[in-house]
Structure formats: structure tokens, C-alpha cells
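Inspection log for the structure reproduced underneath, given as C-alpha cells.
Lettering follows sequence order; numbering is per chain, from 1.
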Amino acid sequence: MISLNLKKKLKSAGGQMVLDLKLTIEKGQFVTLFGESGAGKTSTLRMLSGLLKPDSGLIEVGETTWFNSDENIDLKPQQRKVGYVFQDYALFPNMSVRQNLEYALHKGQDKAIIGELLQFAELNELEQRKPETLSGGQKQRVALARALVQRPEILILDEPLSALDLKMRIKLQEYLLQVHRKYKLTTILVSHDIGEIVKLSDKVFELHKGRVIKKGAAADFFGLNKTSAKFRFSGEVLKIQKEDVIYIVSVLIGNDIVRVVSDPIEAAQLKVGDQVLVASKAFNPIIQKL
Amino acid sequence: MDWQPLALTFKLALVTTAILFVISIPIASWLSSTKSKLRPVLETLVSMPLVLPPTVLGFYMLVAFSPENAFGGWLNEWLGIKLIFSFGGLVLASVIYSLPFMVQPIQAGLSSLPPTLKEASYTMGKSKMKTLLKILLPNIRPSLLTGIVLSFAHTVGEFGVVLMIGGNMPGRTKVASIAIYDEVEALNYTAANNYSLILFFITFIILLLVYLINGGYFKRFAQ
């Protein structure tokens, strides 16, 4: 179990902010920190991994104390068992893919894990390439594989998929889930993408101005369990159009645009850019092979 | 033609550059990462030789290291080191005088790297030293090259400090720039021209090489 109780004065884009955070994460859970930019998500991850020092508070992971301001305990990032995937991937430009992974080995560690991770991340053919020659998705896989070399107990993912296109995102989401289960990790993700959060995480914490304002199981969190639908998709509202007495809402689901009829009261609650759930249960969908 | 001043010039430049390379990396690394309030003070001190007339630096070093005075006397008496009018003194003066030319490119290079490179290495359990040697320095090779070459070239071109602290002793402190001055004073224009031409072309070639390497011309040619 990880328990965090952190206080830190932060300078964010909107001026000064006091981060005051209490949260506990069960071992083996996939947890997402959700919230607008500047809410303190990345700072929380940095404090957990030892890259940023809290003003006061406590970080306990399992039986060990990583940080305790009262007892002057502050483990260095080198001593904390954390795999960190940075938003910009932070691959070492002077090293090949394989060397990037090998650098992460700790002294005397068996090299076999490198081959295993290269295989798992489908990087075998790229192992001699330098990071600058890789695509975004490939870099992401290298960063993830590299974070796993030391067999961390905690995997930290700071918006790892935000720079990728939809197809690659979906593929890598699957991949993150596999990694989480295979290596029995406690995974902490920062993400803005509701579809991604629902798909990946067990639990969601919403941060606002440095505080946890809402938490819950992922599906409950976004109110998805209210409908017992036969099928449902999440998407983004592109356009709301009035036609006679009803409204037509165009929703982007994946790469497709779906038009849904909505009554004026419902439509009034929606605006362009909202994340919505499109569900249906009253009819049988037709499945046709393409 | 007497080759000694030229040989001495390049010996001085080599020794100075080697010492500067070793001491500038920790200084630049500290300056690029610290949040200490002392940072602007140290940055100012490092950069002072850029604007200060070399004679000012030379004058104070001359005073400080003179065996007539307390510090110079102590050095001479206890350690047997005599820094004025000696090669050792020239090296020390050149190191101080060329410090900004080594520290600034390295510091700029280190600051230009994304901080996540360093942080990623730390979260992998690697020490600051290992991170510096294996990750940071290899990724700022152009800056290192620029620092090395600028310090070398700047030491070759040094005049004021050397004259103040080293004087003009053949074989010990008479470097090429001083030899040129000497020959001109003696109305010996041919000899002055010889030294000047050699310095001119050597420095031109050194700097050209840096721009070619850092501009990637050789890589493009190889492909």
C-alpha cells in the first residue's frame, strides 16, 4: 500500500498554489490522477519518485518510509523503487534502444531481462536504432520497457500517450494493461482522456488546485454504471444542431462521427467538446463482417 | 626563425585547456543545476575576464605572487613555488583568464538538455557522477568541443596577462604574441610577419574545424 500525505507550495501558471494531498493506493492497483492542467498531478508523481521535495508530509510505501518531514527521512530518487515514464520519454539520445535499456540495469542484475522486455515490447528489430530515428509510439514503448528493467514495484506514467494518434493510443493502452498485470505492478497514471481512464484504471482521483476533490472506481467516477446498456461508447461532442423540435448531436467516437437525436432539455446540458457516453439497449445491433 | 615562442605558445595553450576542461565541468554542472543564491556571484566571477582588461588581472596576480609580498613569499618559502616570471605562473593566469570560454559553453550545453534526462537516470538508481559522465556529457559533445577550442584559441591569443606576469623571458615566458610585439619594437617586420601569419592560419584552421564539425558538414559528406 502506498500512502501519501503531502504539503507543498507550488508556483503554477495561475499563480501560487498550495498542494495539500492525502491519498492511499492499494498494492497492485491501476490508479489514475485526473484533473485540469496545473492541478498538481505531475508534482505529486515527482514527489512520490523523489524528484521534488515536499515542504512537509509523509510518504509510505509498504513497510518503508520514503519521506517523513518530522523524522527527517527523505530517500533519494536513486533509492526509491520507481519506474518513471516521462511525458517526453526522456530517452538517452546518445544510446541505442538496447543501450537505453541496459543502462537501467542495476549492478549485478541478470541481463536476460533486456531480451525479455525487448521481445515483449516488440522492439527486437529496433534494438540498434537511436531514439531520434523512432516514431512516437516506438519511443513510448522503449521508455516503458526501460522503466521496467529494474523491476520496480511502482510504475509511474505521466501522460504517456498524449502525443500519439488514436490508433497508436489504443494499441498502447492494451499494452499498458498487459504490462501492469504481467509484472504485478502498482501503476499510477496521469491522463486527461476519459476513455483511456475508464479502460485502464481501477480507481480515479480527481485533483483540483492541489487537492483531491473526488475519488472512486473508474466506471462509477464518470457515472457510467447508471446505464445498463447493451452497448455503449464514449466520445466527444462535435456539433449540436437544432432541427424543428429536436436536436441532432454529432459525436466523435473513435474515428467515426455518430449522429444522435436529443431532446432540448438534454441538449441544453451539452456543449461542443464535452465527453459523452452514447448507449443503447432497446434494439439489437446488426453485426456485419467488413 | 626562432620557433621557441610558437612552441611555448602551444604548450601553454594545451596545458591550460587540459586543466580548464577538468575544472570547468564541475563548475558548469553546479551552475547549471543549482538554485543557490551564490550562483549569480560565481557566474559573475567566472565571466569577469571577458570584460576586465587583461592588465588588471595580470597586475593583481603580479602583486599577489610577488615574493616580496606575504602570499607570494609564503608560496616561495614553504612550497618553493615561484609563480611570477615562470611557466607555472603563466598557466595559472591563463586558466583564470580563459575560464569563461570553457565554462560558458559547457554550462549552456548542460542547461539546454531536458531535465528529464537527468531525472530518468536518477530514478534508475544511477548516481549524479555516473549520470554526468554517461548521459549528460556525451549529449553535449558540440558544447565540449566549442569550449575546448575557444579556450585553446583564446590562450594562443593572450597578450596582456602574459606580459604582466610572465614578462618576456626567451624559452620560459616569451610566447608568440609577445615575440611579435618584440620584433615590431625592434623594427624587425619580417620576423613579426612570420609569427603573425602562422598564428593567423593556425587559429583560422582550428576555428574552421569546429564550425565544420558542429555544423555537421563531415557527417553529411560521409553519407
Count the heavy atoms of every other residue, nucleotide or ligand shown that sit under 6.0 Å from [atom1] of [X], and state whether that count exceeds 12.
X	atom1	value
A:Glu116	CD	yes
A:Lys182	NZ	yes
B:Phe87	CZ	yes
B:Arg39	CZ	yes
B:Tyr181	OH	no

Sequence neighbours excluded, the answer for salt bridge (charged side-chain N to carboxylate O under 4.0 Å, His left out) partners of B:Lys37 is none
Rounding to 0.5 Å, atoms CZ (A:Arg46) and OG1 (B:Thr116) come to a distance of 9.0 Å
So NZ of B:Lys128 and NZ of A:Lys76: to nearest 0.5 Å the spacing works out to 7.5 Å
Okay, A:Tyr103 and chain B: the region with an atom under 4.5 Å from a heavy atom over there is both
When the 4.5 angstrom heavy-atom criterion is applied to B:Ser121 and chain A, the contacting part is both
Applying a strict 4.5 Å limit to non-hydrogen atoms, the region of B:Lys134 in contact with chain A is both
Determine whether [X] and [Y] make a side-chain contact, defined as any pair of heavy atoms from C-beta on separated by less than 4.5 Å.
X	Y	value
A:Pro93	B:Leu117	yes
A:Met95	B:Ile135	yes
A:Phe86	B:Glu119	yes

Among residues 144-158 of chain A, residues within the sub-4.5 Å heavy-atom range of chain B, in order of number, are A:Arg146, A:Gln150
- Is the side chain of B:Asn139 donor-acceptor paired with the backbone N or O of A:Asn94 at a distance under 3.5 Å, no angle test? yes
Taking every heavy atom of B:Met124 against every heavy atom of A:Ala104, the minimum-distance pair comes out as SD-CB, 3.6 Å
Residues B:Pro114 and A:Asp88: closest non-hydrogen pair is CB-OD2, 4.0 Å
